[in-house]
Amino acid sequence: MAGVLLVTTTMVTVASSARAASFAQNVPVPKPAPKGRDNAQPSGGPSITGATQAPPNPVIPDPRRNVPTSIFQTFDANQKAQAAKVSAYLSSLSTLVGNFVQVGPDGSKTQGDFYIQKPGKVRFEYDPPSPIDIVADGSSVVVRDRKLATQDVYPLSQTPLRFLLSDRIDLMKDTNVVNVTADDLFISVTIEEKQALVGTSRLLLMIGAKDGQLKQWTVTDPQGYDTTIAVYNLDAGKKLDPSMFKIDFTNYGPAPG
């Protein structure tokens, strides 16, 4: 399965449909677009106000990186403290709205708006010419093609997105953390998942060292392909319409299979 976002993945990995291959990439999962994104008005959702930041330059992980995978991996007190800081930040969020820039495994660049309502709900709206929306309603994730009026459906439990969308989370206890690093710019936590039928995927979360806010994440699918999503113009106080996260199976057809 080729990955698409959010988060995302699945974050296992959410795949965009083969029909939109030019936009296929790991979800909630970028390089910057050239245009600014002030007061974007997504379809069906609230406007993002006070959006003054320019699209960021995502940090693309070194494809040759070698992350420890030993089940006996141990962490020192500083690494545990940094992971606890990230856990506390993620757990403090109830909603999060902003813009995103995505870089797919093939280097393709897309951008758009995202909306998170915890637990379990997210909406990614990609700017034209991409026809893709990604919606999670708390139990399922759909990758929707607006142009073709089709969608692919995946269980939220099988995507890395669920770690971002959990109501409360302790990364060290609730996930398989395989690496924690910190420098002047980022606190980075790498989570690994192994599934018998799918393979091994990874989620790299990066939080700003100075402001403590989510900056980006990278999903590595079982084939080793990376999709990175950088977020900006974040608003954690926006009240969201629950209907934004409704999955319409009537218009887009039943789940595949």
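Hydrogens, waters and symmetry mates are skipped; everything else that's a heavy atom, side chains included, is used. Numbering starts at 1 and runs along the sequence shown.
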Does any non-hydrogen side-chain atom of [Y] lie less than 4.5 Å from one of [X]?
X: Pro55; Y: Gln111; result: yes
X: Leu164; Y: Leu96; result: no
X: Ile169; Y: Ser91; result: yes
X: Ile229; Y: Phe114; result: no
X: Val231; Y: Trp217; result: yes
X: Asn179; Y: Ser188; result: no
X: Phe163; Y: Asp174; result: no
X: Leu93; Y: Lys118; result: yes

Is [X] reaching over with its side chain to a backbone N or O of [Y], donor-acceptor style, under 3.5 angstrom?
X: Arg162; Y: Ser157; value: yes
X: Thr190; Y: Val178; value: no
X: Asp235; Y: Val97; value: no
X: Arg146; Y: Ile132; value: yes
X: Gln216; Y: Val59; value: yes
X: Gln79; Y: Asp76; value: yes
X: Gln53; Y: Asn233; value: yes

Working to the nearest 0.5 angstrom, can you tell me the gap between [X] [atom1] and [Y] [atom2]?
X: Ile207; Y: Lys215; atom1: CD1; atom2: NZ; result: 9.0 Å
X: Gln195; Y: Gln158; atom1: CD; atom2: CD; result: 5.5 Å
X: Lys238; Y: Ser94; atom1: NZ; atom2: OG; result: 13.5 Å
X: Lys121; Y: Ser139; atom1: NZ; atom2: OG; result: 9.5 Å
X: Leu165; Y: Gln117; atom1: CG; atom2: CD; result: 11.0 Å
X: Thr218; Y: Met206; atom1: OG1; atom2: CE; result: 7.0 Å

Would you call the rings of Phe100 and Phe124 parallel, tilted or perpendicular, taking 30° and 60° as the class edges? perpendicular
Heavy-atom pair of closest approach, residues [X] and [Y]:
X: Lys85; Y: Ile187; answer: CD-CD1, 3.7 Å
X: Val180; Y: Met172; answer: CG2-CE, 3.9 Å
X: Val135; Y: Arg123; answer: CG2-NH1, 3.8 Å
X: Tyr232; Y: Pro56; answer: CD2-CD, 3.3 Å
X: Ser140; Y: Asp137; answer: N-OD1, 2.9 Å
X: Asp184; Y: Lys210; answer: O-NZ, 3.1 Å

Go through the steps to decide whether Thr220 and Asp226 satisfy the test side chain to side chain donor-acceptor pair (under 3.5 Å), and finish with yes or no. CA-CA 4 Å; Thr220 304; Asp226 290 336; 2.5 Å; yes
Among Val141, Asp248, Ile247, find the residue that satisfies the side-chain contact (heavy atoms from CB on, under 4.5 Å) test when tested with Gln151. Ile247
Which of these passes side-chain contact (heavy atoms from CB on, under 4.5 Å) with Val177: Leu205, Val189, Val86? Val189
